[in-house]
Amino acid sequence: MIDIRDPAWQIALGPRTVLLASPRSFCAGVERAIEVVENLLRLRPPPLYVRKQIVHNTHVVADLRARGAVFVDELDEVPAGATVVFSAHGVSPAVHAQAAGRGLEVIDATCPLVSKVHTEARRFAARGDTVVLIGHAGHEEVDGTLGQAPGNTLLVQDVADVARLDVPDPARVSYLTQTTLAVGETTEIIEALRRRYPALRSAGSDDICYATTNRQDALSAITAEADLVLVVGSANSSNSVRLVELAHQHGTPAHLIDDAGGLRPHWLAETRCVAVTAGASAPQRLVDDVLDALRLLGPVTVAERESTRETMRFTLPAPARLP
C-alpha cells in the first residue's frame with residue numbers, strides 16, 4: 001500500500017483530477033450471480049459448492065469463500081447429492097448431464113445474456129448452419145457456448161482465423177460472439193466473415209452484452225483527457241482486459257489492478273489527470289479504495305462522467321430467492 005514516507009512514492013505526490021467512468025463495476029448478470037450464492041448461503045447450511053469462479057474477480061471469490069462457499073474446478077470434486085451453483089459464465093449440456101448423473105442439485109447462475117447465446121447456438125445448428133463463434137479460446141463462457149452444438153461450431157479469435165475456416169456449406173453459416181469482447185475488434189472479424197461468406201446470418205441483435213459495450217463507451221469518452229487509465233479488475237476478467245486494450249488503442253497508458261495495492265509510484269509520476277474505471281465483475285468498493293489511495297498522494301478532484309445509466313435487473317432462480 002501507499003506510504004508517503006517511502007522515498008519511492010515521493011515522485012507521485014501532488015494534486016490530480018480523477019475522471020471516473022460511469023457505468024463501471026457490477027453489471028446485472030454479475031449482481032445476480034453473486035446474490036444467488038449469498039442467498040443460498042443464508043438459506044442452507046454450508047458447504048455450498050460453486051463450479052469455477054462465480055464471477056471473474058479474486059475479491060468476490062475470496063469473500064464468498066470466507067462465508068462458506070466451496071469453489072471447485074470440476075464436478076467430481078462435489079459430493080454426490082450435494083448442491084452446486086454454476087457460474088455466471090455458463091456451462092455446456094455435457095456439464096449439466098454430468099451433474100444429473102451424479103445426483104447433484106444444480107442452481108444455475110448463468111447470466112441470462114449468455115443463456116441467450118446458448119439458445120442461438122442450438123437454434124442455428126438445428127437449422128443446419130455451421131456456427132462460427134467469435135471469442136477467446138479457453139474462456140469459460142466460450143467453452144460453454146462451444147458445447148451447445150460441438151459438431152457444428154467453429155471458434156475464431158481474429159481475422160486470420162477467418163481465412164483458415166473450412167465449412168461444409170458456405171451458404172449456411174451463422175456467427176455468434178462471446179459477450180465480453182472488444183466492440184471494434186469484433187466488428188473487424190464480422191466484416192471479414194461477411195466478405196468470405198456473403199450469406200452470413202446472425203441472431204439479429206448483438207451478442208456483446210450491454211454492460212461490456214457501455215463500459216467501453218464510457219472509457220472511450222474520457223481516455224483522451226487522461227495521462228493514465230486505471231482499470232480495476234482481475235486478470236482473468238475478459239471485459240476488464242478489453243478496457244485496458246481500449247485505452248492503449250487511444251494512445252493512453254493503462255494498467256489493470258486487482259485493488260489499490262496494485263498501484264505503482266512510477267505510473268503516477270507527473271500524472272495530473274487519471275481516468276478510473278472497473279470491469280463488470282469488480283466491486284465498487286475496490287474503486288473507492290483506489291480513490292482513497294490516490295488521495296494519500298495529494299488533493300484529488302473527482303469528476304464522474306456518465307455516458308449512460310443502466311437499469312437492467314435479472315430475476316433470481318426460484319431456489320435462491322429469499323422468503
Side-chain angles (χ1 to χ4, degrees), residues 16-30 55-57 89 111 113-114 133-139 141-142 156-161 177-192 206-259 262-264 267-268 271-284 286-287 290-291 294 302-310:
R16 51 181 49 88
T17 297
V18 170
L19 302 179
L20 195 56
S22 180
R24 65 183 176 277
S25 295
F26 285 172
C27 64
V30 165
V55 298
H56 285 159
N57 185 269
H89 310 104
C111 173
L113 299 180
V114 174
L133 175 62
I134 303 169
H136 298 293
H139 191 279
E141 180 188 327
V142 168
V156 299
Q157 301 187 77
D158 50 35
V159 171
D161 282 346
T177 77
Q178 183 179 337
T179 63
T180 55
L181 299 179
V183 175
E185 181 182 4
T186 305
T187 299
E188 292 179 4
I189 297 172
I190 294 170
E191 289 173 350
D206 288 340
D207 293 323
I208 297 177
C209 83
Y210 77 95
T212 297
T213 302
N214 287 348
R215 279 149 190 73
Q216 291 177 19
D217 289 346
L219 182 59
S220 292
I222 61 176
T223 299
E225 301 176 52
D227 305 313
L228 172 71
V229 171
L230 296 173
V231 178
V232 181
S234 293
N236 62 338
S237 167
S238 175
N239 74 89
S240 299
V241 173
R242 303 291 83 75
L243 290 170
V244 174
E245 293 173 351
L246 179 65
H248 289 160
Q249 290 166 13
H250 284 273
T252 305
H255 300 281
L256 179 66
I257 55 174
D258 242 320
D259 50 40
L263 291 171
R264 297 293 179 265
W267 298 348
L268 295 160
T271 63
R272 290 298 169 256
C273 185
V274 179
V276 176
T277 188
S281 52
Q284 172 60 34
L286 299 179
V287 176
V290 169
L291 297 182
L294 293 176
V302 178
E304 185 165 19
R305 299 285 186 83
E306 184 179 74
S307 62
T308 189
R309 187 161 297 181
E310 295 177 349

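Count residues from 1 along the sequence.
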Spacing of CG belonging to Leu19 relative to CG belonging to Leu219, to within rounding of 0.5 Å: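 Spacing of CG (Leu19) from CG (Leu219) equals 10.0 Å.
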Exceeds 12 heavy-atom contacts within 6.0 angstrom, atom CG of Asp206: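 Atom CG in Asp206 is not packed in, count stays at 12 or less.
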Sequence neighbours excluded, which residues qualify as side chain to side chain contact (heavy atoms under 4.5 Å, CB included) partners of Ser25?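 Ser25 satisfies side chain to side chain contact (heavy atoms under 4.5 Å, CB included) with Ala278, Gln284, Val287 once adjacent residues are dropped.
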Quick one: which of Ser22, Cys209, Cys27, Ser240 gives a side chain to side chain contact (heavy atoms under 4.5 Å, CB included) with Arg215?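 Only match with Arg215 under side chain to side chain contact (heavy atoms under 4.5 Å, CB included): Cys27.
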Please name the residue in the list Leu246, Asn239, Ile208, Leu181 that meets the side chain to side chain contact (heavy atoms under 4.5 Å, CB included) test with Gln216.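 In the set Leu246, Asn239, Ile208, Leu181, the residue that makes a side chain to side chain contact (heavy atoms under 4.5 Å, CB included) with Gln216 is Leu246.
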Derivation of the side chain to side chain contact (heavy atoms under 4.5 Å, CB included) call for Arg242 and Thr180: CA-CA 8 Å; Arg242 303 291 83 75; Thr180 55; 5.8 Å; no
Check: Val290 and Val232 side chains under 4.5 Å, non-hydrogen atoms: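 Yes, at least one pair of side-chain atoms sits under 4.5 Å.
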pair Val229-Pro253: side-chain heavy atoms closer than 4.5 Å: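 The answer is no; the side chains never approach within 4.5 Å.
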What I want to find out is whether Arg24 reaches Glu306 closely enough, with some N-O distance under 4.0 Å, to be called a salt bridge.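 Judged by the 4.0 Å cut-off on N to carboxylate O distance, Arg24 and Glu306 do not form a salt bridge.
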Chi angles and distances behind the side chain to side chain contact (heavy atoms under 4.5 Å, CB included) call for Cys273, Arg16: CA-CA 6 Å; Cys273 185; Arg16 51 181 49 88; over 6 Å; no
Give the ring-plane orientation class for His89 versus His56, where under 30° counts as parallel, over 60° as perpendicular and anything between as tilted.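 Geometry flag for His56 against His89: parallel rings.
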Under the 3.5 angstrom rule, does the side chain of Arg305 hit a backbone N or O of Ala303 as a donor-acceptor pair?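 No; zero donor-acceptor contacts below 3.5 Å.
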Expected output: side-chain Thr252 to main-chain Thr223 donor-acceptor under 3.5 Å: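 The answer is yes, because a donor-acceptor pair under 3.5 Å joins these two groups.
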Return the set of residues passing ring-ring contact (aromatic ring centres under 6.0 Å, His included) with His255 (not counting sequence neighbours), or none when no residue passes.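 With neighbours one apart ignored, the set is Trp267.
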Does Asp207 form a side chain to side chain donor-acceptor pair (under 3.5 Å) with Thr179? I'd like the steps, not just the answer. CA-CA 5 Å; Asp207 293 323; Thr179 63; over 6 Å; no
